[in-house]
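Here's the structure, in structure tokens; my notes come after.
Just so you know, these numbers come straight off a predicted model, no measurement behind them. Chain naming here is simple, since letters A, B, ... match the order of the sequence lines and numbering starts at 1 in each.
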2 protein chains.
Amino acid sequence: MLSRHVYAMILEAFLYIDDGDHRVLRQFGLTPTQFSALKQLDVADGRRLTDLTELLLVDKSTVTRLIDRLEQAQLVRRVPDPDDRRAQRVVLTPVGLECREQARAAHELSIVQRMSDLSASEQQQLVVLLEKLCAPLRVKSTPS
Amino acid sequence: MLSRHVYAMILEAFLYIDDGDHRVLRQFGLTPTQFSALKQLDVADGRRLTDLTELLLVDKSTVTRLIDRLEQAQLVRRVPDPDDRRAQRVVLTPVGLECREQARAAHELSIVQRMSDLSASEQQQLVVLLEKLCAPLRVKSTPS
DNA sequence: CTTATATAGTTGCACATACAACTAACGACC
DNA sequence: GGTCGTTAGTTGTATGTGCAACTATATAAG
């Protein structure tokens, strides 16, 4: 059955991508999730944990513990939100910024390499097809 | 950058698929991993834990604990391997077989539904492109 | 203002996952 | 037939993940 084959290939492609991400980021002592979180932060205002929940599409309890570990590793800091005493803002430390930038460069490069078996037009086709597949997901977030 | 876009869409497609799998299998009290394991088992000879490690592409310690839980749930049984005293064979219980068959039917149906936004020819294109992307993975396992 | 509801975040519990260290048994080599 | 490297499986430790219950604060309703 064809649709089973598509299903299987999406899972395989994810494994391929995910495995590559682990390898690259491991050199910087980061997991893919930690790297995703660092990408959403800055050294100034930072973000609330709830913001990260929405950006990373994970449960708030996951974010709590993720930030716990990044804080232990001195890559981020929790600072009280000035406008809401319930909330905390998470900001990058200088070490965290440096770590993220190095990881980002290596990760970008690895993506280009891993995609290099597809031509630009094939990559374009793939994007179009996957967007069509995921269209049901986007119904709610596409207002007009 | 185009390759970043492909990367992002593969992750999004995986999230879409994985979320759907969770929802469907949850009705049968199974996680996607547990379901994958049940699909590899039978009621007769079964499989060794090591076989499952290779089939599921996870660490052997993951398989140990996965089978622990399936055994607690009475869906599988460990039986000693007659030919190798180090090994154990994992077989489905009648309950496990019944559970798997029901889950399988629902899962198959849901895959067809989730793919239904793509035409057959689009699905075919997607398979071709993803196979090309994953070609580096298959180098080792493609003898001729 | 008080009450009721909603939101921000943490914690307990369960499952998935990898890596490393370990035990037990297999196999090969002499 | 002992010794030694290999393999099967388990266990400890760390991370990621979701759900549910909980605390504290904010906000709306009256």
Side-chain angles (χ1 to χ4, degrees), chain A residues 11 14-15 17-38 40 46-73 75-90, chain B residues 11 14-15 17-38 40 46-73 75-90:
Chain A
L11 295 190
F14 172 75
L15 281 185
I17 293 297
D18 190 51
D19 182 61
D21 285 355
H22 266 96
R23 288 172 199 271
V24 172
L25 296 172
R26 171 167 212 156
Q27 304 170 322
F28 303 93
L30 296 174
T31 64
T33 307
Q34 290 172 342
F35 179 58
S36 299
L38 293 183
Q40 302 298 335
R47 298 211 184 258
R48 296 180 313 162
L49 298 194
T50 301
D51 298 335
L52 289 172
T53 292
E54 289 166 13
L55 291 165
L56 304 179
L57 299 173
V58 295
D59 191 82
K60 54 189 178 169
S61 61
T62 300
V63 174
T64 292
R65 290 179 272 237
L66 177 57
I67 297 304
D68 284 348
R69 287 165 198 135
L70 289 174
E71 204 168 24
Q72 280 168 26
L75 300 179
V76 306
R77 256 183 22 243
R78 278 178 170 94
V79 301
D81 186 303
D83 303 327
D84 187 339
R85 278 193 294 164
R86 293 171 304 178
Q88 316 222 23
R89 304 198 77 88
V90 182
Chain B
L11 295 190
F14 172 75
L15 282 185
I17 293 297
D18 190 52
D19 182 60
D21 285 354
H22 267 97
R23 288 172 198 272
V24 172
L25 296 172
R26 172 168 212 155
Q27 303 170 321
F28 302 94
L30 295 174
T31 64
T33 307
Q34 291 173 342
F35 179 58
S36 299
L38 293 183
Q40 302 298 336
R47 296 209 185 261
R48 295 181 313 162
L49 299 193
T50 302
D51 297 336
L52 289 173
T53 292
E54 289 165 14
L55 291 164
L56 304 179
L57 299 174
V58 296
D59 190 83
K60 53 190 179 170
S61 61
T62 301
V63 174
T64 292
R65 288 182 269 239
L66 176 58
I67 297 303
D68 284 348
R69 287 167 198 133
L70 289 174
E71 203 168 24
Q72 280 169 26
L75 300 178
V76 306
R77 253 182 25 242
R78 279 176 169 95
V79 301
D81 187 303
D83 303 328
D84 186 340
R85 277 193 294 163
R86 294 171 303 179
Q88 316 220 25
R89 305 198 76 89
V90 183

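- For B/Arg78, the salt bridge (Lys or Arg N to Asp or Glu O under 4.0 Å) partners two or more places apart in sequence, or in a different chain, are B/Asp68, B/Glu71.
- Side chains of A/Thr64 and A/Lys60 form no contact here, defined as non-hydrogen atoms less than 4.5 Å apart.
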Without placing hydrogens or testing angles, list every side-chain donor-acceptor pair under 3.5 Å for residues 27-38 of chain A, not counting sequence neighbours.
residue, atom, partner, partner atom, Å
A/Thr31, OG1, A/Gln34, N, 3.2
A/Gln34, OE1, A/Thr31, N, 3.1
A/Ser36, OG, A/Pro32, O, 3.0

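- Using a 4.5 Å heavy-atom threshold, the side chains of A/Ile67 and A/Val63 count as touching.
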- Readout for nucleotides 4-14 of chain D: B = base within 4.0 Å of protein heavy atom, S = sugar-phosphate only, - = neither; 5' to 3' it is ---BSBBBBB-
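- Qualifying side-chain hydrogen bond (donor to acceptor under 3.5 Å, both in side chains) partners for B/Asp84, counting only residues two or more places apart in sequence or in other chains: B/Arg86.
- For B/Ile17, the side-chain contact (heavy atoms from CB on, under 4.5 Å) test picks out A/Tyr7, A/Ile10, A/Leu11, B/Asp21, B/Arg114, B/Met115, with sequence neighbours left out.
- Contacts of B/Leu56 with the nucleic acid, taken as non-hydrogen atoms under 4.0 Å apart, are absent.
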Side-chain donor-acceptor contacts of residues 47-57 of chain B below 3.5 Å, not counting sequence neighbours, with atom names and distances?
residue, atom, partner, partner atom, Å
B/Arg47, NE, B/Gln40, O, 2.7
B/Asp51, OD2, B/Arg48, N, 3.0
B/Thr53, OG1, B/Leu49, O, 3.2

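- Considering only residues two or more places apart in sequence or on other chains, A/Arg77 meets the salt bridge (Lys or Arg N to Asp or Glu O under 4.0 Å) condition with none of them.
- With a cutoff of under 4.0 Å to any heavy atom of chain B, the contacted region of DNA chain C is bounded 5' to 3' by C/dC15 to C/dC26.
- Across the helix from C/dC1-D/dG30 to C/dC30-D/dG1, the helix axis at one end is tilted relative to the axis at the other end by 10° (nearest 10 degrees, each axis from five pairs).
- Near DNA chain D, meaning a heavy atom under 4.0 Å away, there are no residues from residues 18-26 of chain A.
- Residue A/Arg89 comes nearest to A/Gly46 through the heavy atom pair NH2-O, 3.4 Å, listed as atom of the first residue, atom of the second, then distance.
- Listed by first and then second residue, the salt bridge (Lys or Arg N to Asp or Glu O under 4.0 Å) pairs involving residues 23-32 of chain B are B/Asp19-B/Arg23 (not counting sequence neighbours).
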